Amino acid sequence: MAAVREQVSGPVWGVSAGLGAVLTAGSVGYGYHRDELYYRMLPPAWGYVDQPPLTPFVARLTTQVADTVWALRVPATLAAMAAVVVVALLARELGADRPRQTLAAGAYACATLPLMLGHLLLTSTLDLFFLPLLILLSLKAIRSPRWWVAPGLVAGLTTYNRWLVAVVGVAAVLGLAVLGPRRVFTSVWLWAGGLLALVVALPNLVYQATHDWPQIRMGQALAEDAGEVRVTVLILLVAGVGPLFPLLWRGVVTLAREPRTRYLVVVTVAVYAFTFVAGAQPHYVVVALVVWLTAGVITTSSPRRLWRVAAITGAVSAVLALPVIPVSVVGATPVTKVSSLMPDQVGWPTYVGQVARAYRAAVTADPGAPPPVIITANYGEAGAIDRFGPAHGLPRAYSGHNGLYDVARPSGPARSALLVGDLGPRQLALFAQCRQVGTLDNGVDVDNEEQDQPIRLCTGLRRSWELSWPAFAHLD
């Protein structure tokens, strides 16, 4: 840490602290994101069908300290602040002087996508720190081969957050083999670093192998929405950094001109191409945008003008990423259409209250029967009931969405269910009768996945819960 302090100037620490203050202030205002509610519910495990264990572990750890949205987002804020420092160090490694290191840090802190992800605790949030750090350490290792152990360790650890690091690693090897410097392959330290990465990642690999490679199955499920993701990825190429977009191409050119950094063109383009072709999560491209932006910033000939552009970018980014617009009116603005993350932070306590009213009415209408079980269409709804339901006297909710399918399933004598959300004919056919008893409405006209979805009371379960439960399983 002392060495880092010596390399990073005071203004960079100021940018990091400023971003931390902004994110802390913005940690409240709307509410939990659906993924955050999901992570609260996941039990300890080496992995899950849709992701490695690190981010759910961090979420679970913070909720043990304080089960509030602001506490859950403290690790996200720290990751974003640390990423600012990594960006400054990356700029330094690329040859930037101290003023341009600060400029790179400031431009990054104001960019739209990093600010959006830094506001929430998502798997992509921790990627803000891990993946640029991996790039930085690999650059250091090319200059000084003994450093290869460090990126090996970070790569191994990063597998516990996102297997995207495998794409980064393969692309780095390919880039070095094709564009050089090829001398790195003669260093025993490179192979030691690769071996260390494999050893650290081994428990994660063992989990995947012994659970039928769930990440591959999840990738295949995500590919079903590849068309929509591809459009989003193209939009993020511009919107992810806002008015700073012209710097991206300049960054690619800068990397391509320097023999020591040419391999990074292959790495970043490969990540972008993988995200586009595979239809994976659009946030994967953040590592490419960060590297291109940093390389572009340090070659600018007009730092003052770039500071002004960064300030404008920051103002726009704050509106898109943070609860700047009151929740009562945000639904009437374009923000909910532009920001894919914002709508999923609205309405959860209200939705749970509506589920609670339907549940109490069902229990009151048939007091002699076992109360209905609650089954939701997705993990956001189940997570919301897990977080806010106890205050309404609700039992736990079940869901067949992603990892929750294996966490818990209904059992016991109940033959009725309260089905919440977008469940279709396959699930309704499991019961003799279903009728709508409510409608989810956040009350502020924010169009998210839950808005205007039905709450149905279904009675007369035709088969046992054990035989019926597979019908609720889905990956997306």
Side-chain angles (χ1 to χ4, degrees), residues 34 37-50 53 56 60 63 207 210-212 214 217-218 221 351-352 354-438 440 450 453-476:
R34 70 171 63 252
L37 291 167
Y38 174 46
Y39 300 150
R40 289 182 66 264
M41 290 190 71
L42 291 176
W46 277 106
Y48 309 94
V49 68
D50 53 348
R60 193 167 52 251
T63 56
Y207 172 85
T210 55
H211 289 76
D212 194 26
R217 287 187 282 123
M218 188 66 201
Y351 293 146
V352 174
Q354 291 159 358
V355 172
R357 285 194 292 273
Y359 179 81
R360 287 193 295 268
V363 172
T364 301
D366 194 359
V373 300
I374 301 175
I375 303 176
T376 70
N378 63 57
Y379 58 58
E381 296 153 357
I385 292 172
D386 184 76
R387 173 63 181 85
F388 301 108
H392 295 277
L394 289 179
R396 75 167 303 153
Y398 302 92
S399 179
H401 188 195
N402 290 7
L404 292 187
Y405 175 80
D406 296 313
V407 169
R409 57 189 62 192
S411 61
R415 311 302 290 173
S416 62
L418 202 64
L419 302 187
V420 180
D422 188 21
L423 292 165
R426 185 185 180 199
Q427 292 80 35
L428 302 185
L430 297 171
F431 301 88
Q433 181 182 17
C434 290
R435 61 186 178 89
Q436 186 168 338
V437 293
L440 297 176
E450 279 62 46
Q453 291 298 323
I455 304 171
R456 297 185 179 97
L457 179 62
C458 295
T459 57
L461 183 68
R462 299 181 188 276
R463 300 188 298 172
S464 68
W465 284 115
E466 182 180 2
L467 294 175
S468 300
W469 187 237
F472 290 92
H474 63 106
L475 295 174
D476 56 59

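Because the structure is predicted, anything quoted here is derived from the model rather than measured.
Counting only residues at least two apart or on different chains, no salt bridge (charged side-chain N to carboxylate O under 4.0 Å, His left out) pair has a member in residues 456-465. Within the structure, salt bridge (charged side-chain N to carboxylate O under 4.0 Å, His left out) pairs that include any residue of residues 392-402 do not occur (at least two apart or interchain). The salt bridge (charged side-chain N to carboxylate O under 4.0 Å, His left out) contacts involving residues 411-427 comprise nothing, where partners must be two or more places apart or lie in separate chains.
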Run the numbers on Gln453 and Val420 for side-chain contact (heavy atoms from CB on, under 4.5 Å), then give the verdict. CA-CA 8 Å; Gln453 291 298 323; Val420 180; over 6 Å; no

Test side-chain contact (heavy atoms from CB on, under 4.5 Å) applied to Arg435 and Val437, step by step: CA-CA 6 Å; Arg435 61 186 178 89; Val437 293; 3.4 Å; yes

Steps toward side-chain contact (heavy atoms from CB on, under 4.5 Å) verdict (Tyr48, Leu42): CA-CA 9 Å; Tyr48 309 94; Leu42 291 176; 3.9 Å; yes

Kindly indicate, with the supporting measurements, whether the criterion side-chain contact (heavy atoms from CB on, under 4.5 Å) is fulfilled by Tyr39 and Thr63. CA-CA 10 Å; Tyr39 300 150; Thr63 56; over 6 Å; no

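Checked by atom type and distance alone, the side chain of Glu381 pairs as donor or acceptor with a backbone atom of Ala377 at under 3.5 Å. Using a distance-only test at 3.5 Å, with no hydrogens or angles considered, no donor-acceptor pair links the side chain of Tyr351 to the main chain of Leu440. The backbone N or O of Gly47 sits nowhere less than 3.5 Å from a side-chain atom of His211 that would complete a donor-acceptor pair.
Residues forming a salt bridge (Lys or Arg N to Asp or Glu O under 4.0 Å) with Arg387 (at least two apart in sequence, or on another chain): Asp67. Scanning for ring pair (Phe, Tyr, Trp, His ring centres under 6.0 Å) contacts around Tyr38 gives Tyr379, with sequence neighbours left out. The salt bridge (Lys or Arg N to Asp or Glu O under 4.0 Å) test applied to Asp386 returns Arg40, not counting sequence neighbours. In this structure Ser411 satisfies the side-chain contact (heavy atoms from CB on, under 4.5 Å) test with no other residue, sequence neighbours excluded. Under the side-chain hydrogen bond (donor to acceptor under 3.5 Å, both in side chains) criterion, Gln433 pairs with no residue at all, not counting sequence neighbours. Partners of Arg360 by side-chain contact (heavy atoms from CB on, under 4.5 Å), not counting sequence neighbours, listed by chain and number: Ala356, Arg357, His392. The side-chain contact (heavy atoms from CB on, under 4.5 Å) check on Arg409 picks up Tyr405, Asp406, Trp469, with sequence neighbours excluded. Shown here are the side-chain contact (heavy atoms from CB on, under 4.5 Å) partners of Arg217, two or more places apart in sequence or in another chain: Val49, Asp212, Pro214, Gln220, Leu475. By the side-chain hydrogen bond (donor to acceptor under 3.5 Å, both in side chains) test, Asn402 is found to be paired with Asp50, residues two or more places apart in sequence or in another chain being considered.
Here the SG atom belonging to Cys458 is positioned 8.5 Å from the CG atom belonging to Leu418, to the nearest 0.5 angstrom. In this structure, OG in Ser416 is found 6.0 Å from CG in Leu457, a value given to the nearest 0.5 Å. Note that CD1 of Ile374 is 12.5 Å distant from OG of Ser399, once rounded to the nearest 0.5 Å.
Ile375 has its side chain within reach of Phe472: a pair of non-hydrogen atoms, C-beta onward, lies under 4.5 Å apart. The closest side-chain heavy-atom distance from Pro371 to Asp366 is not below 4.5 Å. For the pair Leu467/Ser464, a side-chain contact is recorded, criterion being any heavy-atom separation below 4.5 Å from C-beta on. Residues Asp476 and Met218 form no side-chain contact, since every pair of their non-hydrogen atoms from C-beta on lies 4.5 Å or further apart.
Closest non-hydrogen pair, Ala45 versus Pro53, comes out as O-CB, 3.3 Å. Residues Trp465 and Gly412 approach most closely at CD1-O, 3.9 Å, considering heavy atoms. Between Ile385 and Pro395 the shortest heavy-atom distance is CG2-O, 3.9 Å. Listed here is the closest heavy atom pair of Gly403 and Val407: O-CG2, 3.3 Å. Minimum interatomic distance between Thr459 and Phe431 (heavy atoms only, all atoms of both residues): O-CB, 3.4 Å. Across all their heavy atoms, Ala358 and Ile455 have their closest contact at CB-CG2, 3.9 Å.
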